[in-house]
Amino acid sequence: MRSLPLPLALFARLTPVVVLACAGWALSSSPDSSEPETQDRAAGRSGGQSASAPSETAAAKTYTDAPAPCTALAKKSITSLVPNAKTAGKEIASTDESVRRTCSWNALKGYEYRWLDVSFEISDSDDAAQKKYGERVEEKRGGGEVPGVGAEGYSVVNLTTEDGQKTREAVAMVRAANALVVITYNGSDFESKDAPSSDEMNKGAIKAAKEAVAALEGGR
């Protein structure tokens with residue numbers, strides 16, 4: 001921030017004493033009588049500038065608390081995405097539930113295994129949430145935008161193989177104002193050692209994301 005120039009209110013008092021030997025008298029000058037008024041006006045200008053300076057206030061947050069994640073999805077959605085799972089879900093412990101809350105569902109139906117996480121993260125501002133969203137997207141390149149939900153949305157699907165078993169995971173992220181909704185949905189087939197299709201997992205993650213955002217906005 002640039003410092004303001006000092007007001008032009010500094011006037012020197014001129015009090016010379018001139019001794020005139022030839023005339024035998026001395027002349028002394030008195031202070032300028034207009035000086036106090038000038039100083040007062042200068043002080044008034046300075047005070048006016050300070051009083052009129054805009055004060056910085058924190059922008060109001062759209063969302064102040066993370067909603068309950070285990071009730072963010074309809075029961076029929078949970079049973080569809082994670083067959084045989086207990087619809088109540090299990091909330092994962094958080095150091096600050098007002099900032100981040102996550103619920104998890106997982107179950108095995110026959111040889112088909114599914115796992116679903118729904119997470120809400122609350123930032124101090126829209127800009128902070130946008131920055132966090134951008135960092136997450138950068139970490140998970142290769143996906144695409146999800147239109148029509150929140151301020152911005154993104155999803156990506158990846159396939160991993162460990163000990164011959166394939167697992168496909170879809171991640172959907174949505175930013176709504178100062179909140180970030182993150183859905184993680186993965187699955188495996190323990191009989192065939194294969195994994196569900198990319199289309200199935202991606203659609204499932206996006207469906208969960210849209211419901212979670214609706215729950216966030218509905219509880220505002």
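We use all heavy atoms of the structure for the numbers below, so side chains are in, but hydrogens, waters and symmetry mates are not.
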Q: To the nearest 0.5 Å, tell me how far Ser104 OG sits from Leu116 CG.
A: 7.5 Å

(Q) Please report the interatomic distance CD1(Ile92) to CZ(Arg101), rounded to the nearest 0.5 Å. (A) 12.0 Å

Q) Taking all non-hydrogen atoms of both residues, which atom of Leu73 and which atom of Ala212 are closest, and how far apart? A) CD2-N, 4.0 Å

**Q.** For Asp199, all residues meeting salt bridge (Lys or Arg N to Asp or Glu O under 4.0 Å), sequence neighbours excluded
**A.** Lys203

Q. Could you give the distance from CE (Met201) to CG (Asn158), rounded to the nearest 0.5 Å?
A. 11.5 Å

Q. Val149 and Val174: which non-hydrogen atoms are nearest, and at how many Å?
A. O-CG1, 3.7 Å

Q | With Tyr154 via ring pair (Phe, Tyr, Trp, His ring centres under 6.0 Å) - residues at least two apart | A | none

**Q.** For Ala205, all residues meeting side chain to side chain contact (heavy atoms under 4.5 Å, CB included), sequence neighbours excluded
**A.** Ala170, Ala172, Ile183, Tyr185

Q. Rounded to the nearest 0.5 Å, how far does CD of Glu112 lie from CG of Asp189?
A. 4.0 Å

Q: Could you pull out the closest heavy-atom pair between Pro69 and Trp105, with the gap in Å?
A: O-CH2, 3.8 Å

(Q) Tell me whether Asn178 contacts the main-chain N or O of Tyr63 through its side chain, where contact means a donor paired with an acceptor under 3.5 Å. (A) yes

(Q) So, using side-chain hydrogen bond (donor to acceptor under 3.5 Å, both in side chains) as the criterion, who are the partners of Glu200 when residues are at least two apart? (A) Arg114

Q) Does Phe190 CZ have over 12 foreign heavy atoms under 6.0 Å away? A) yes

Q.
Can you tell me how far apart CG (Asp117) and NZ (Lys90) are? Round to the nearest 0.5 Å.
A. 11.5 Å

Q. Which of these passes side-chain contact (heavy atoms from CB on, under 4.5 Å) with Met173: Val182, Val181, Val146?
A. Val182

Q: May I ask whether Leu180 and Val156 are part of the same hydrophobic cluster, defined by side-chain heavy atoms of I, L, V, M, F, W, Y residues being less than 4.5 angstrom apart, directly or through others?
A: yes

**Q.** Closest non-hydrogen atom pair, Cys70 against Ala88
**A.** CB-O, 3.4 Å

Q. If you round to the nearest 0.5 Å, how far is CZ of Arg100 from OG of Ser123?
A. 11.0 Å

Q. What is the minimum heavy-atom distance between Asp194 and Gln165, and which atoms define it?
A. O-NE2, 3.2 Å

Q.
Which heavy atom of Ala179 sits nearest to which heavy atom of Leu216, and what is that distance?
A. CB-CD2, 3.7 Å

Tabulate below the donor-acceptor pairs under 3.5 Å that side-chain atoms of residues 75-82 make, not counting sequence neighbours, or state none.
from: Ser77; atom 1: OG; to: Glu211; atom 2: OE1; distance (Å): 3.3
from: Ser77; atom 1: OG; to: Glu211; atom 2: OE2; distance (Å): 2.3
from: Thr79; atom 1: OG1; to: Lys75; atom 2: O; distance (Å): 3.2
from: Thr79; atom 1: OG1; to: Lys76; atom 2: O; distance (Å): 3.0

(Q) Does anything in residues 132-141 form a side-chain hydrogen bond (donor to acceptor under 3.5 Å, both in side chains)? List the pairs, not counting sequence neighbours. (A) Glu121-Arg136, Glu138-Arg141

**Q.** Exam field: side chain Arg168 to backbone Pro196, donor-acceptor pair closer than 3.5 Å
**A.** yes

Q) Backbone N or O of Gly187 within a donor-acceptor pair of the Thr167 side chain at under 3.5 Å? A) no

